[in-house]
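These notes concern the structure reproduced below.
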There are 2 protein chains.
Amino acid sequence: MNIGTASERSGLPPKTIRYYEDIGLMKAGRAENGYRDYSTEDVHRLRFLQRSRGLGFSVEECRQLLSLYDDKERESAEVKAIAEAKLAEIDRKLAELAGLRDTLQHLVRHCHGDERPECPIMDGLSGDHAAA
Amino acid sequence: MNIGTASERSGLPPKTIRYYEDIGLMKAGRAENGYRDYSTEDVHRLRFLQRSRGLGFSVEECRQLLSLYDDKERESAEVKAIAEAKLAEIDRKLAELAGLRDTLQHLVRHCHGDERPECPIMDGLSGDHAAA
DNA sequence: CCTTGACCTTCCAGTGACTGGAAAGTGTAG
DNA sequence: CTACACTTTCCAGTCACTGGAAGGTCAAGG
C-alpha cells in the first residue's frame with residue numbers, strides 16, 4: 001500500500017513517516033514505480049510508533065522499544081523498566097505543571113481585570129517574592 | 001553590571017540573555033569596552049522574562065506581556081485575558097498528561113516484569129484497542 | 001611587565017521532531 | 001488528453017535555546 005493509505009491507517013502524517021525512515025526508525029519497501037510500499041505489519045509498526053510517541057516516549061526511546069518489540073526473546077522486565085522510568089518522568093511533569101497552574105490561577109484570581117492599570121499578575125511576574 | 005552578574009541575579013544563562021537580545025526581546029546598553037551593561041531595572045525585566053517563561057508563556061507571549069509591563073497606561077483586563085488563555089492551555093495539557101499517565105500506569109501494572117517475553121506493555125502499544 | 005585564567009565578544013552550527021514548500025515524476029478518472 | 005491527486009527528493013524553517021570556536025578584555029599573582 002502507498003504512503004497515504006499507511007498514513008491513514010497508522011494516524012501518522014506522510015511527512016512524519018518519511019522522516020522516521022530518514023532517521024532509520026522505520027524503513028519501507030519500494031514498489032516498481034519508486035513509491036514506498038507498506039505491508040500490514042509495517043502499519044502495525046507505524047501504529048506502535050504513533051502510540052509510543054503519543055504516550056510521551058522520545059524518538060530514541062521508541063527506537064529502543066521497537067527493537068524490543070522485534071526481539072521475540074526479550075524480557076518483559078526490560079520493557080517495564082523503560083515504561084516505569086517514563087511514568088516517573090510524566091509524574092514529575094504533572095507536578096510541575098500543576099504548580100504552574102496554581103501560581104497562574106492565584107495571579108488571575110487576584111486581578112480585578114478592569115480598565116485600571118494595576119495588575120497583580122504583572123506584580124507577580126516582576127516581583128521578587130515566590131512564583132514558579 | 002556585566003552579563004555574568006545579570007545572569008546570576010535574573011536566573012537566566014548568559015547565552016539566553018544574548019539570545020533574547022538577538023530576537024529583540026531585551027536590549028542592553030554597552031560599556032566602553034563593548035561589554036553589555038545591565039541596570040537594576042534591566043535585571044527586573046530579565047527576571048520578569050525568566051518567570052514568564054517558567055510559567056509556560058511562549059517568547060511571543062512574553063513579548064506581549066513585556067510591552068504591557070512597560071505600558072503604564074495598560075488595562076489589567078488585557079493582561080488577565082492573556083493569563084486566562086494560558087491557564088486554559090495549561091489545564092488542557094494537564095488533562096492530556098494525566099490521560100497518558102493512566103494509560104501507561106495501567107500498562108505497567110499489568111506487566112509481570114520478569115524474564116519472560118510476554119509483555120502487556122508491548123501489547124498495549126501495538127494493539128488496536130484503546131490507549132491515548 | 002608578563003602571564004594566567006576568568007570573563008566578555010561575535011558568529012556559526014546543532015538540537016528534537018517534525019512541517020512547509022518547490023520541482024518533478026506517476027497514476028487515474030472523465 | 002487533460003486535470004488533478006498522489007508520490008518522490010531536497011532544502012529550509014520552526015522553537016527556544018545551547019555548544020563551541022576564535023578572539024578581545026580585565027584583575028590578580030609572580
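In what follows, chains are A, B, ... by sequence order, proteins preceding strands, each numbered from 1.
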Name the nucleic acid region contacted by [X], choosing base, sugar-phosphate or nothing; use a 4.0 angstrom heavy-atom cut-off, strictly under.
X: R18(A); value: base
X: P14(A); value: nothing
X: I23(A); value: nothing

I need the [atom1]-[atom2] distance between [X] and [N], as an integer number of Å.
X: Q50(A); N: dA17(C); atom1: CD; atom2: P; value: 15 Å
X: R53(A); N: dA17(C); atom1: CZ; atom2: C1'; value: 6 Å
X: M1(A); N: dG27(C); atom1: CE; atom2: P; value: 18 Å
X: E60(A); N: dT15(C); atom1: CD; atom2: C1'; value: 12 Å
X: I17(B); N: dC8(C); atom1: CD1; atom2: C1'; value: 13 Å
X: N2(B); N: dT25(D); atom1: CG; atom2: C1'; value: 10 Å
X: E21(A); N: dT9(D); atom1: CD; atom2: P; value: 7 Å
X: Y19(B); N: dT15(C); atom1: OH; atom2: C1'; value: 13 Å

Less than 4.5 Å apart, any side-chain heavy atom of K93(A) and any of L97(B)?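 SC-SC contact between K93(A) and L97(B) confirmed.
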Would you indicate, yes or no, if [N] has its OP1 or OP2 atom less than 4.0 angstrom from a side-chain nitrogen or oxygen of [X]?
X: Y20(B); N: dC17(D); result: yes
X: R36(B); N: dT9(C); result: yes
X: R30(A); N: dT9(D); result: yes

Take K15(A) and Y35(A), find for each the nucleotide of DNA chain D with the closest heavy atom, and name the residue whose nucleotide sits nearer the 5' end.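 Closest to the 5' end, via its nearest nucleotide, is Y35(A).
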Is it true that [X] and [Y] have a side-chain N and a carboxylate O under 4.0 angstrom from each other?
X: K86(A); Y: E89(A); value: yes
X: R47(A); Y: E8(A); value: no
X: E60(A); Y: R63(A); value: yes

Of all the nucleotides listed (dT9(C), dT8(D), dC18(C)), which has the minimum atom distance to the side chain of T16(A)?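 Between dT9(C), dT8(D), dC18(C), the one nearest the side chain of T16(A) would be dC18(C).
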Which nucleotide in dT9(D), dT7(D), dT25(D) has an atom nearest any side-chain atom of N33(B):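 Out of dT9(D), dT7(D), dT25(D), the nucleotide with an atom closest to N33(B)'s side chain is dT25(D).
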Side-chain donor-acceptor pair present, S39(A), D42(A), cut-off under 3.5 Å: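 On atom types as modelled, these side chains qualify, holding a pair under 3.5 Å.
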